[in-house]
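Along the sequence shown, the residues carry numbers beginning at 1.
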Amino acid sequence: MRAQSSAIAPSRIAVGAASTDPGGRSFGTVQAALGVVAFSLTFPATAWGLEGFGPWSLIAVRSILAAAVAGACLLALRVAPPERRHWFGLAVVGAGVVLGFPLLTTLALQTSTTAHAAVVVGLLPLTTALLSALRIGTRPSRTFWIAALAGAAAVIAFTVQQSGGALTSADAYLFAALLVCAAGYTEGGRLARVMPGWQVIGWALVLCLPVTVPMAAVALSYEPVQLTAHSVTGLLWVAIGSQFLGLVVWYRGMAAIGIPKASQLQLAQPLLTLVWSVLLLGEHLTVAAPLTAAAVLVCIAVTQRARG
């Protein structure tokens, strides 16, 4: 790590500020948006993966595959290990986005539809912004919070309506997943200010190998595996697309535009997930979808313009 970047990083972290370069902010928004698109495919891909893998096997194998890709990149580029002071943050990222969120949502998707599970994604931006304010001292404006709450309410109302208004036993998994993922996003966004975003998720994946390798060995010995086009495609996407590439551009985007604003782009994720659910899983949407989409886009526009 270069001494110059280390010297300027603390002041940026303390205020949680985004890049002051307009071009950098625009590119950061694009990267964060690409991350949202990648994440929006996670639930449908997980549903495909569950057609051939047990939940514990799917989580362990996807993490190992992603770690293999990340580790190969780290070795090929001869990236030095992070400083000791960053290991706790990387452990939080690993526990939240590498293990916790995938495991909890996969367990939920055994009994929940992707539409119902999307509720957790609707709440994630607001939770991330709250944890960001507590962890690194960001203070978004009142306008930002009003728009964020309005967008979260719109998404929640839509996804609950899609699921028939009934809560399921999977909700405990989903709310727990919400908390651990928000913690992982917040810590990852903070670390992405002092090291490249791909290294943040790369080291977090590698750090989880002592857990995921034994977990895979045990899970594969107990859970039957059926390799099909759907199960293999779903596994590869959640491992490479969601677990690694999606998080790379997501953390880079958060570092460029700030955690609160980047998190609000995720308000569109449940709606994208529902579109993929129709195309890939054959689920049906109501006429409320375009109305909710319009409301969410307005909220996103407001949060992107609101001054922190």
Side-chain angles (χ1 to χ4, degrees), residues 12-13 15-40 115 118-162 178-179 181-183 185-186 188-190 192-193 197 246 249-276 285-308:
R12 296 177 64 192
I13 295 172
V15 298
S19 169
T20 57
D21 175 30
R25 290 199 303 271
S26 297
F27 188 50
T29 301
V30 170
Q31 291 184 96
L34 288 174
V36 170
V37 173
F39 300 153
S40 71
V119 170
V120 71
V121 180
L123 292 173
L124 188 55
L126 182 58
T127 308
T128 302
L130 284 170
L131 289 185
S132 172
L134 294 173
R135 177 68 177 91
I136 59 178
T138 55
R139 293 294 183 268
S141 66
R142 180 178 300 178
T143 301
F144 177 96
W145 285 116
I146 292 173
L149 288 170
V155 171
I156 292 170
F158 176 66
T159 51
V160 169
Q161 185 272 333
Q162 285 289 295
L178 169 70
L179 294 175
C181 189
Y185 280 173
T186 299
R190 184 186 68 83
R193 294 181 178 279
V249 293
W250 174 244
Y251 283 140
R252 286 175 61 89
M254 281 199 295
I257 67 177
I259 295 174
K261 288 189 177 182
S263 69
Q264 298 314 299
L265 292 174
Q266 279 196 306
L267 287 169
Q269 185 174 324
L271 304 179
L272 290 173
T273 297
L274 292 170
V275 171
W276 298 127
L285 299 181
T286 68
V287 293
L291 297 177
T292 307
V296 168
L297 289 176
V298 170
C299 292
I300 291 176
V302 173
T303 60
Q304 293 301 299
R305 292 179 179 274
R307 293 182 181 273

Asks: Can you measure from CE (Met254) to CZ (Arg190) and round to the nearest 0.5 angstrom?
Replies: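 These two atoms lie 11.5 Å from each other.
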Asks: Would you compute the distance between atom CD1 of Ile156 and atom OG1 of Thr292 and round it to the nearest 0.5 angstrom?
Replies: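 One gets 12.0 Å once the value is rounded to the nearest 0.5 Å.
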Asks: Would you mind reporting whether Phe158 and Leu271 have side-chain heavy atoms less than 4.5 Å apart?
Replies: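 With C-beta onward as the side chain, the pair touches.
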Asks: Kindly give the heavy-atom pair with the smallest separation between Leu265 and Thr29, and that separation in Å.
Replies: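 Taking every non-hydrogen atom into account, CD1-O, 3.9 Å.
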Asks: What residues form a ring pair (Phe, Tyr, Trp, His ring centres under 6.0 Å) with Tyr251, not counting sequence neighbours?
Replies: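 Not a single residue meets the ring pair (Phe, Tyr, Trp, His ring centres under 6.0 Å) criterion with Tyr251.
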Asks: As an exercise, state the distance from CG of Leu274 to CD of Gln269, rounded to the nearest 0.5 Å.
Replies: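 The CG atom of Leu274 sits 10.5 Å away from the CD atom of Gln269.
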Asks: Could you list the residues that satisfy side chain to side chain contact (heavy atoms under 4.5 Å, CB included) with Ile146, not counting sequence neighbours?
Replies: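 Testing Ile146 for side chain to side chain contact (heavy atoms under 4.5 Å, CB included), a comparison that skips the adjacent residues, returns Arg142.
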Asks: Below 3.5 Å, can you tabulate the donor-acceptor pairs from side chains in residues 32-40 to any protein atom, sequence neighbours excluded?
Replies:
{"unit_1": "Ser40", "atom_1": "OG", "unit_2": "Val37", "atom_2": "O", "d": "2.6"}
{"unit_1": "Ser40", "atom_1": "OG", "unit_2": "Trp276", "atom_2": "NE1", "d": "2.9"}

Asks: Taking all non-hydrogen atoms of both residues into account, name the closest pair between Ala295 and Ala154 and its distance.
Replies: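 Closest pair (atom of Ala295, atom of Ala154, distance): CB-CB, 4.5 Å.
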Asks: Please report the shortest heavy-atom distance between Leu131 and Thr186, naming the atom on each side.
Replies: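 Of all heavy-atom pairs spanning Leu131 and Thr186, the closest is CB-OG1, 3.7 Å.
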Asks: Measure across Cys181 and Leu124 and return the closest heavy-atom pair with its distance rounded to 0.1 Å.
Replies: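 So the two residues come closest at SG-CD2, 3.8 Å.
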